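In what follows, a structure is listed as structure tokens, so that the remarks can point back to it.
What you see below is based on every heavy atom in this structure, not just the backbone, and it leaves out hydrogens, waters and symmetry mates. If you're wondering where the values come from, they're calculated on a predicted model, not measured in any experiment.
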There are 2 protein chains.
Amino acid sequence: MNHVKQAKRTTIYDLAELAGTSASAVSAVLNGNWKKRRISSQLAEKITKIAEEQGYALNMQASLLRREKSHIIGMIVPKYDNRYFGSIVELFEDMARARGLFPIITCTRRDPELEIEAARTMLSYQVECLVATGATDPDKITEMCAAAGVRSLNLDLPGALAPSVISDNFAGARELTRRILMNCEKRLGKKEPLLFIGGRGSDHNTAERIRGWRQAHADLGVPVEEDLILACGYAPEKAEKALEAMALKGNAVSGGMFVNSTISLEGVIRWIRRSGDLDDRNLVLGCFDWDPFVTLLGNGIEMVRQDVPGMLAKVFEIIESGESKPQVVKLPPIFIN
Amino acid sequence: MNHVKQAKRTTIYDLAELAGTSASAVSAVLNGNWKKRRISSQLAEKITKIAEEQGYALNMQASLLRREKSHIIGMIVPKYDNRYFGSIVELFEDMARARGLFPIITCTRRDPELEIEAARTMLSYQVECLVATGATDPDKITEMCAAAGVRSLNLDLPGALAPSVISDNFAGARELTRRILMNCEKRLGKKEPLLFIGGRGSDHNTAERIRGWRQAHADLGVPVEEDLILACGYAPEKAEKALEAMALKGNAVSGGMFVNSTISLEGVIRWIRRSGDLDDRNLVLGCFDWDPFVTLLGNGIEMVRQDVPGMLAKVFEIIESGESKPQVVKLPPIFIN
DNA sequence: AATTCTTGCTTCATCGATTGAGCAAGCTTG
DNA sequence: CAAGCTTGCTCAATCGATGAAGCAAGAATT
């Protein structure tokens, strides 16, 4: 069939010629609405066979140009280096395909400029809808989409201009903090103010988690110490350095810790291991987010798992409802055990 | 500017009308080759300004239809649930963009049908090149691409019909096995045959790793036991069940283990923790692949890290060279410490 | 003053698929 | 048997961007 290094791809015109019919008939047959267009099943079969023989592949660009809807849905995601975003992307692809949509996903490494650039590119590709996950400036993206008449949604981090689906960070952090404090009491015999480490003070989720962290301290009558809030960013190295700095200032790092992401936890554990004088057993840890290996770390680290399937179900529900006015949907995160 | 809920997106014709000029001039200005086409900088500036005001976004479908090259590069990837594929995807996106290519990535969950379906879709989108990562049937994908005159490459798992870039699994497994056996001697006082667990016996990498595992046993004069090869698949539950079954058969699980992926390791560790009678300390583990938390597990688990940057550099080198005859490039994996 | 060159545009065909409109042949119906 | 209906197709315009070819007006050259 394809002995020749074909420079040109096979088009419906080639198939039409081979079948001795018109391009229009070929198109109708191959995109499935030949019944509507009253093409005989004989011809349909013939065309299908020839198309297969020739290894015909639709030119989506041409098809999309002509049609009104692209059926492309875009997603912007910050990183692939943790289970949370990994599962979001995997499930998003699945759910999109199940709905006849073609997902395109771009990783923007928490870089504001790349986010904008990625959004612009996706608009060029005629996405029907853009989901901005954990975006640093979701409203800017919403504005760009609005200007192009494209729907947008925020996931994980909320925006003011489009529907947002996020975890209930306040409630989650409050419960996580409560659990860490209870563990402190159980294991160390006393409830002491917890260290809060990781994340960006400027992002909504971190702010809400700090609020929940505060609330839980209040609930249990434990004083909070402002110096113990280290919103140093997400990267492991940043957490490690922040702890280093804290230790150098002479503040003994002890008691309990609220770690704001698995990525930060990586740095925290590394630091703990490096500073040999600390035993894991007298540090009581909790982490906002989930990773299977952390469970297996075996230090009884308390974790909250964000409800990814629930969030994505909500995302597609909003998309399908056609709703586009700003609202924040908060889903309770899940406590394992 | 955009007070009106525009049903239609702004096109170069709209801009041309607003600027009192032709669509062709607008096109030339906006795609940057207006100098070549002798458009005055005055007009160029005017058009640029109007385009910005109107929030114009190129219709990529139309543009691509007309141009000869799409500058789209596709990648198929099995899963997002581990650091290896996560870093491949993240770096691939980066490197593609750095080369002026637009990456589209699809996760196929190790599902052969989805792989084919995804490849077909990518061809429809006129990818210039398709990288099949860890594909179950890479040659089928290569054939499809070849029929469409599109280049393809295999990553992680090799194929017979296209250039493949993979880890040197044999050498990696041999060295990993050697290290585990040495650790056995050091910690348990004896070198005993290792258990091999995880992966699919049918895939090239697993077969090569088993070969390396065998070789290392031979190198050190340790007999191998065929019953100890459990190529049960990758999922954690499968590894867990395989160990369960082995234990039920009365074979004591003890000594050392070669675990074929972090995903399988998850199941292994879970099983170890569940079967309380085993202490981590008398099990000597090694894992082909890397995860930061595994390092932190602290059981002295030996790990090999595949050279993702090296592999992707090679992938793009091959793409740029235009080479497309089958060859297998093997990169040595990296041992931490 | 006549010719050629340069500048700065416009015109129009094109990419491949889609679809409303149209048309010819055969079949029904009164 | 003429008028209308059905069946099974084809024609041609269209989507938006692109670029080769062309054209008019002014500048430079002889």
Can you measure [X] atom [atom1] to [N] atom [atom2] for me and round it to whole angstrom units?
X	N	atom1	atom2	value
B:Tyr13	D:dT14	OH	P	12 Å
B:Gln126	C:dA17	CD	C1'	12 Å
A:Lys35	D:dT7	NZ	C1'	14 Å
A:Leu64	D:dC15	CG	C1'	11 Å
B:Leu65	C:dC15	CG	C1'	4 Å
B:Lys46	C:dC9	NZ	C1'	13 Å
B:Lys36	D:dA21	NZ	P	17 Å
A:Ile47	D:dG8	CD1	P	14 Å

| message | What's the separation between atom CZ in B:Arg110 and atom OH in B:Tyr234, rounded to the nearest 0.5 Å? | response | 6.0 Å
How would you label the contact of [X] with the nucleic acid (heavy atoms, under 4.0 Å): base, sugar-phosphate, or nothing?
X	answer
B:Leu43	sugar-phosphate
B:Ser63	sugar-phosphate
A:Leu30	nothing
B:Ser40	sugar-phosphate

| field | Result of checking A:Ile166, A:Ile76, A:Leu312 against A:Leu155 for side chain to side chain contact (heavy atoms under 4.5 Å, CB included) | value | A:Leu312
| field | Among A:Tyr80, A:Phe92, A:Tyr84, A:Phe85, ring pair (Phe, Tyr, Trp, His ring centres under 6.0 Å) partner for B:Tyr80 | value | A:Tyr80
| task | Would you mind telling me which residue lines up with the more 5' stretch of DNA chain C, A:Ser24 or B:Ala25, judged by nearest nucleotide? | result | B:Ala25
| remark: Residue pair B:Arg37/B:Ala62 against DNA chain C: nearer the 5' end by closest nucleotide is B:Arg37
| said: Does a side-chain N or O of A:Asn31 approach OP1 or OP2 of C:dA17 to a distance below 4.0 Å, or not? | reply: no
| query | Are any of B:Ser22's side-chain N or O atoms less than 4.0 Å away from OP1 or OP2 of C:dT10? | reply | yes
| said: Checking the side chain of B:Glu93 only, and the main-chain atoms of A:Cys107 only, is there a donor and an acceptor separated by less than 3.5 Å? | reply: yes
Using a distance-only criterion (donor-acceptor N/O pair, under 3.5 Å, no hydrogens), is the base of [N] paired with the side chain of [X]?
X	N	result
A:Arg9	C:dG16	no
B:Arg67	D:dG19	no
A:Thr21	D:dC9	no
A:Ser27	C:dT19	no

| query | Taking for each residue the nucleotide of DNA chain D bearing the nearest heavy atom, is the 5' side occupied by B:Tyr56 or by A:Ile39? | reply | A:Ile39
| Out of B:Glu115, B:Glu113, B:Arg200, which residue meets the side-chain hydrogen bond (donor to acceptor under 3.5 Å, both in side chains) rule with B:Thr136? | B:Glu115
| query | With no hydrogens and no angle check, do the side chains of B:Thr10 and B:Gln54 hold a donor and an acceptor under 3.5 Å apart? | reply | no
| Residue A:Arg38, side-chain heavy atoms: nucleotide from C:dA17, C:dG22, D:dG16 that is nearest | C:dG22
